[in-house]
Amino acid sequence: MNEIFSLAGANLLSPIILSFALGVGAALARSDLAIPEAVAKGMSIYLLFAIGFKGGVAVSSHGVDATMILSLFAGLVLSFGLPLLAFSLLRIMTGMTNTDAAAVAAHYGSISIVTFVAGTSILEGRMIESEGYLVAVAAVMEAPAILSALWLVARGGGGKRMEPELLREIMLNGSIVLLVGAFVIGALTGEKGLAEISPFIVTPFKGVLCLFLLDMGLIAGRGLRNIRGVLGAGAIGFAILMPLLGSIIGLGAGLLVGLSLGGVVLLMVLSASASYIAVPAAMRVALPEANPAIYLTLSLGVTFPFNLTLGIPLYLAMAQVAMGV
Amino acid sequence: MNEIFSLAGANLLSPIILSFALGVGAALARSDLAIPEAVAKGMSIYLLFAIGFKGGVAVSSHGVDATMILSLFAGLVLSFGLPLLAFSLLRIMTGMTNTDAAAVAAHYGSISIVTFVAGTSILEGRMIESEGYLVAVAAVMEAPAILSALWLVARGGGGKRMEPELLREIMLNGSIVLLVGAFVIGALTGEKGLAEISPFIVTPFKGVLCLFLLDMGLIAGRGLRNIRGVLGAGAIGFAILMPLLGSIIGLGAGLLVGLSLGGVVLLMVLSASASYIAVPAAMRVALPEANPAIYLTLSLGVTFPFNLTLGIPLYLAMAQVAMGV
Amino acid sequence: MNEIFSLAGANLLSPIILSFALGVGAALARSDLAIPEAVAKGMSIYLLFAIGFKGGVAVSSHGVDATMILSLFAGLVLSFGLPLLAFSLLRIMTGMTNTDAAAVAAHYGSISIVTFVAGTSILEGRMIESEGYLVAVAAVMEAPAILSALWLVARGGGGKRMEPELLREIMLNGSIVLLVGAFVIGALTGEKGLAEISPFIVTPFKGVLCLFLLDMGLIAGRGLRNIRGVLGAGAIGFAILMPLLGSIIGLGAGLLVGLSLGGVVLLMVLSASASYIAVPAAMRVALPEANPAIYLTLSLGVTFPFNLTLGIPLYLAMAQVAMGV
Amino acid sequence: MQTHNAKRVEIVIEAPLEKRLTDALMQSGVTGYTVLPVLGGSGRSGQWSREGQIGRAGMVTVVCLIKPERLDTLLDAAFTVVSKHIGVVSITDAQVLRAERF
Amino acid sequence: MQTHNAKRVEIVIEAPLEKRLTDALMQSGVTGYTVLPVLGGSGRSGQWSREGQIGRAGMVTVVCLIKPERLDTLLDAAFTVVSKHIGVVSITDAQVLRAERF
Amino acid sequence: MQTHNAKRVEIVIEAPLEKRLTDALMQSGVTGYTVLPVLGGSGRSGQWSREGQIGRAGMVTVVCLIKPERLDTLLDAAFTVVSKHIGVVSITDAQVLRAERF
Ligand SMILES: Nc1ncnc2c1ncn2[C@@H]1O[C@H](COP(=O)(O)O)[C@@H](O)[C@H]1O
Ligand SMILES: Nc1ncnc2c1ncn2[C@@H]1O[C@H](COP(=O)(O)O)[C@@H](O)[C@H]1O
Ligand SMILES: Nc1ncnc2c1ncn2[C@@H]1O[C@H](COP(=O)(O)O)[C@@H](O)[C@H]1O
Ligand code: NA
Ligand code: NA
Ligand code: NA
């Protein structure tokens with residue numbers, strides 16, 4: 001436990017986390033500091049491209065094996081399954097409508113790629129290796145949760161059916177296409193390709209991540225300013241409990257599949273994290289009656305900072321205990 | 001021939017080309033992946049500044065000589081002359097109106113700086129040196145083709161005359177000013193200046209080029225989606241034939257002028273490439289009756305990808321054969 | 001004197017200054033070269049973050065001492081005091097209204113962070129060290145001048161009183177928050193944090209500065225195009241005289257406080273420079289009757305280029321003479 | 001200069017719905033539309049600003065000029081998309097040049 | 001489709017004033033507004049363009065749909081903010097769907 | 001509050017033509033205009049979106065408030081620029097504050 005807090009402490013003093021904190025602080029103090037939308041989108045494109053590419057390169061030198069296939073499959077199952085757990089918890093812990101609960105559940109089955117990147121960064125800082133293909137697992141986990149959520153609503157008599165157009169949009173969501181595409185490019189060009197562009201996608205990566213997290217902090221902080229009106233204690237409790245449960249399930253899945261320590265931690269991070277890009281956009285189309293303030297505030301205002309600061313160190317410690325390393 | 005294809009094959013597996021392909025694929029699949037306009041414009045400013053600066057530095061260490069003057073002159077002649085060839089071909093191969101044909105011709109007399117950069121990149125990968133001042137030749141070739149096209153229309157009775165304001169706009173087009181300006185700055189500050197900023201303009205260059213080509217791919221792919229309605233087989237044939245003819249003429253010019261192997265290849269690339277930035281904007285003002293869908297689709301949807309994948313390796317092989325190296 | 005001009009000459013041939021000159025030239029020639037607003041804002045965020053962070057790291061390895069406290073105090077006094085001098089000069093040298101004079105005075109009491117960065121850059125080029133905490137001094141000097149200006153107007157019967165909301169906005173201005181925040185992050189994470197992100201905030205810094213100054217040049221050049229209508233000889237004289245006087249006062253303050261040569265020069269640069277970001281925005285709210293064309297043209301069109309080219313080398317020479325080094 | 005009566009319909013709607021809306025408009029016989037960016041706004045569902053958007057979807061404004069007699073068809077089409085979503089619809093009387101275009 | 005009379009007020013104003021203006025509008029009983037970006041313009045205080053802006057503050061357009069009877073209160077509120085600043089105010093007659101929102 | 005009759009002219013036109021259009025407007029006696037960005041649109045010359053633009057020229061909207069009696073001069077001036085190009089012109093009746101400005 002001590003170790004967790006000292007790791008969390010070290011983690012909290014990294015420029016990445018402090019940049020996030022600066023953003024939150026600036027937003028809470030109502031500073032007019034803002035990152036232009038186009039720049040923020042540009043940075044997220046950079047991050048997705050870099051992380052996908054590096055994952056692909058790792059796979060190209062390592063090759064495809066059974067654990068990889070199993071991990072992808074585990075990702076699918078987790079993304080389909082976690083919303084069911086989230087939905088049940090929400091029905092117990094909060095008074096949300098069916099639709100709101102389903103929408104929130106979709107977010108927690110899906111993933112946050114920035115939380116994943118932060119996890120990778122922390123592992124690297126501690127010299128813990130991980131399987132490169134977890135990037136592909138992340139991509140696989142983005143969308144299925146949305147289908148589960150729609151099923152939950154339909155089952156509840158919401159009369160929702162999946163338009164094929166929406167399904168296409170979800171599967172061809174820009175961030176999924178970019179992540180998977182960069183992964184494939186990395187896998188095809190391998191170390192040679194990486195050598196060509198690593199001064200762009202590897203060396204400055206952490207610095208870009210700082211500015212990106214500054215922006216995430218600004219957005220999360222603005223969300224937190226409105227938290228009182230929107231969320232009760234039950235919902236906030238959910239946004240802390242769900243990642244913990246998710247990480248435990250991810251831990252089990254990772255052990256079953258036979259991932260390395262780093263791989264297990266990243267699968268835990270994926271399970272624990274909640275989407276705030278692909279899923280919200282899909283929800284506005286598929287479940288317009290759901291209140292965006294609820295799912296965005298929970299996902300980005302509570303769960304994201306929790307994972308970034310306490311969660312990831314905790315998941316690492318849990319995995320170390322479970323794997324006896 | 002074999003060698004050409006194996007070079008083309010190696011080329012196709014570079015991250016740069018694969019990024020372009022990813023963009024094309026995403027657009028054809030109607031993904032919502034998009035690079036914000038401001039970011040794309042920012043990247044093109046970066047590329048122009050970097051390529052101009054590096055060209056200028058090369059000249060500063062090499063000095064001005066007769067070949068340089070001759071090359072600039074050759075560029076002028078090519079840019080004025082190639083539209084006449086293009087126009088004749090279009091009148092033979094397609095049923096385009098005079099105005100449309102002239103507008104397309106302007107694009108093929110002018111150049112695509114990104115194709116030029118990709119050519120430089122491929123030469124570097126094969127350790128082939130080239131004259132730094134070809135950047136200046138590229139700048140010189142941007143605008144004259146527009147004048148030729150306007151003359152073609154005027155001669156055909158289109159009653160077009162060049163407004164002086166338009167001439168000023170064309171010559172002071174942002175990309176020309178930036179390319180030439182950065183070239184001059186590079187020439188003035190030389191290796192010392194380059195050392196100061198090379199971690200910005202040299203090391204990450206290829207990586208930025210990947211993201212830029214991803215965006216070009218997205219745009220080209222969107223154009224290709226509409227190709228059926230707009231273009232017939234004759235026009236598409238033109239968009240492949242014209243760069244081939246252009247490259248042969250560029251080869252002749254390069255040999256006459258006495259450029260090195262790399263220099264000859266780059267002059268071929270310039271002759272073969274078609275503009276899609278400066279010229280389209282000028283055409284909207286000078287020849288509004290010309291259909292932008294035609295010239296943009298040909299230039300960016302057909303010729304640009306052709307040059308990027310098959311063209312450049314082919315031109316290199318042709319130059320090697322012709323120069324016996 | 002000779003030395004000043006040779007230093008100024010060397011300075012003028014740096015890529016940074018030449019990029020600024022390119023921008024001015026392009027704007028005067030009415031080229032359509034333009035940096036997208038979002039990209040320019042992104043670059044300024046990058047520069048503020050980098051300069052703040054590096055300043056904080058310098059303090060973390062050096063520690064807080066009396067000179068630092070005194071310097072911060074000196075910054076406060078200068079920022080409050082310089083507007084009074086500027087205001088008197090303007091009343092003598094020009095026929096501006098009270099309000100216009102007060103608004104201009106606010107700009108000259110505050111600072112231009114880009115001028116500061118250019119100064120740092122020139123010192124680095126000459127291997128002259130300076131105190132890292134001068135970044136914090138810069139931050140401290142941003143806002144007080146605005147209060148002095150409002151007091152000047154109120155005293156003149158303008159009946160202005162400071163709304164608390166405006167005060168909050170001024171203090172929590174985005175650029176101040178970012179600069180101070182990055183400073184604190186740098187101070188907290190120290191050399192270790194810097195090592196993580198220096199490939200992003202240190203190595204490419206000068207290159208980004210080139211593109212940023214290109215944009216500043218474009219803006220300054222557009223301002224200069226309108227200079228005739230707006231400004232008389234007296235005002236232009238003021239915009240040259242005031243930085244000279246400011247630098248002398250800054251020199252005195254730096255010597256009193258006991259800064260190193262580099263520190264003295266930077267305090268002179270801060271005193272001599274005039275704001276063109278935080279103060280103009282505040283003036284539009286607080287003194288809407290003041291004509292923005294006047295203060296923007298003076299600050300960015302005259303004083304900024306003067307400092308960048310002749311001013312900084314001159315201040316360095318003055319400090320060297322005064323300190324006998 | 002000869003002008004013709006028309007209606008100018010302005011629809012503020014969430015960006016993820018843009019394509020659905022413009023498809024519906026085109027199907028209802030509209031010959032053109034213009035999409036403008038929106039920086040922020042406020043309404044029943046609260047205040048928002050583009051820079052404060054997560055996922056940065058935001059809203060857009062779609063402006064549509066049509067012949068007056070087509071207004072009802074257009075509004076019906078728009079309403080199927082807009083009804084359950086965040087957004088507003090307003091209509092103004094306008095004049096256009098070159099009526100053959102609308 | 002049933003529509004209701006409304007007024008569409010369009011205010012072009014300097015960006016640093018945006019919040020003061022929208023706060024004043026909300027206080028005057030307005031239920032919503034939309035903020036659009038402005039690229040440039042020209043008026044008594046000269047010509048400007050967003051890319052030529054120092055500090056990049058620029059201007060914005062605030063569009064407000066209201067019940068006709070609230071127009072005067074709105075204009076009074078807007079005017080306190082706009083009067084001394086650079087900017088223009090225009091009003092058009094409009095129709096809106098879902099009147100209960102305004 | 002005292003308002004005055006005016007016309008609000010809205011012109012959607014290709015960005016490379018913006019300066020020519022605003023110059024023509026100013027020459028026709030217009031005292032001001034506002035330029036808004038356009039994200040995309042559709043018309044006789046097909047569909048386009050700013051992010052799908054090569055060379056990224058795109059279109060802009062120019063809004064112009066004028067005294068009603070100046071409308072014809074303005075439209076004539078605008079039409080010389082717009083006629084052969086992609087774009088549309090619409091006019092609405094409006095009210096403005098501070099008539100002395102227009
Ligand atoms: N009265 C209004 N006037 C102008 N725009 C409005 C108005 N009400 C709502 N809007 C716009 O429509 C969006 C959604 O409104 P709502 O559905 O009421 O939350 C807001 O964010 C505003 O951009
Ligand atoms: N007649 C007009 N029509 C449209 N927009 C105008 C007009 N006059 C002024 N504006 C806009 O309001 C801004 C400020 O106007 P002014 O206060 O007259 O300088 C200008 O930059 C334009 O964006
Ligand atoms: N009916 C319309 N309503 C609104 N905007 C239109 C309309 N028709 C055309 N536009 C706009 O004007 C541009 C050019 O139209 P066009 O010249 O018809 O291709 C389109 O891309 C739209 O932005
Ligand atoms: Na999850
Ligand atoms: Na060519
Ligand atoms: Na100062």
Side-chain angles (χ1 to χ4, degrees), chain E residues 6-15 21 24 28 34-53 58-66 68-95, chain F residues 1-40 50 56-68 71 74 77 90-102:
Chain E
K7 294 281 180 182
R8 179 184 186 276
V9 182
E10 190 176 87
I11 306 171
V12 181
I13 191 156
E14 297 170 88
L21 175 63
S28 82
T34 299
V35 185
L36 305 177
V38 175
L39 284 183
S42 183
R44 289 181 321 148
S45 49
Q47 204 179 331
W48 71 279
S49 97
R50 186 165 284 267
E51 253 135 36
Q53 278 305 96
M59 307 194 82
V60 294
T61 296
V62 176
V63 175
C64 200
L65 296 161
I66 44 155
E69 57 266 32
R70 293 215 186 132
L71 180 62
D72 259 335
T73 335
L74 183 155
L75 291 183
D76 286 337
F79 205 66
T80 58
V81 179
V82 178
S83 59
K84 273 189 286 181
H85 291 90
I86 297 175
V88 293
V89 180
S90 65
I91 305 115
T92 16
D93 290 330
Q95 303 280 309
Chain F
M1 193 162 282
Q2 169 82 38
T3 60
H4 309 265
N5 285 337
K7 294 281 179 181
R8 180 183 186 276
V9 183
E10 188 176 88
I11 306 171
V12 181
I13 192 158
E14 298 170 88
L17 276 293
E18 177 191 323
K19 206 177 153 343
R20 281 174 179 75
L21 175 63
T22 54
D23 285 353
L25 293 178
M26 293 310 259
Q27 261 161 34
S28 82
V30 157
T31 57
Y33 58 83
T34 298
V35 185
L36 305 176
V38 175
L39 284 183
R50 187 164 283 268
R56 313 259 171 191
M59 307 194 82
V60 294
T61 296
V62 176
V63 175
C64 201
L65 296 162
I66 44 156
K67 291 219 173 83
L71 180 62
L74 183 156
S90 65
I91 305 114
T92 15
D93 290 329
Q95 302 280 310
V96 291
L97 303 184
R98 304 192 271 188
E100 67 286 3
R101 296 192 155 208
F102 297 92

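In what follows, chains carry the letters A, B, and so on, assigned in the order in which the sequence lines appear, proteins first and then strands, with residues in each chain numbered from 1.
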Quick one: pull up [atom1] in [X] and [atom2] in [Y] and give me the separation to the nearest 0.5 Å.
| X | Y | atom1 | atom2 | answer |
| --- | --- | --- | --- | --- |
| F:R8 | E:I91 | CZ | CD1 | 12.0 Å |
| E:Q47 | F:Y33 | CD | OH | 3.5 Å |
| E:K7 | F:Q95 | NZ | CD | 6.5 Å |

Is any side-chain heavy atom of [X] less than 4.5 Å from a side-chain heavy atom of [Y]?
| X | Y | answer |
| --- | --- | --- |
| E:R44 | F:T31 | no |
| E:V38 | F:L36 | yes |
| F:T3 | E:L75 | yes |

Which atoms of [X] are under 4.5 Å from chain E, going by heavy atoms: the side chain, the backbone, both sets, or neither?
| X | result |
| --- | --- |
| F:V60 | side chain |
| F:L97 | both |
| F:V63 | side chain |

Contacting region of [X] [heavy-atom separation from chain F under 4.5 Å]:
| X | value |
| --- | --- |
| E:V82 | both |
| E:V89 | both |
| E:D76 | both |

How close do [X] and [Y] get, heavy atom to heavy atom, and via which atoms?
| X | Y | answer |
| --- | --- | --- |
| E:S83 | F:R98 | O-NH1, 3.1 Å |
| E:P37 | F:P37 | O-CD, 3.4 Å |
| E:T92 | F:D93 | CG2-O, 2.6 Å |

*Passing option when E:L39 is tested against F:T61, F:V35, F:T34 for side chain to side chain contact (heavy atoms under 4.5 Å, CB included)*: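 Passing option: F:V35.
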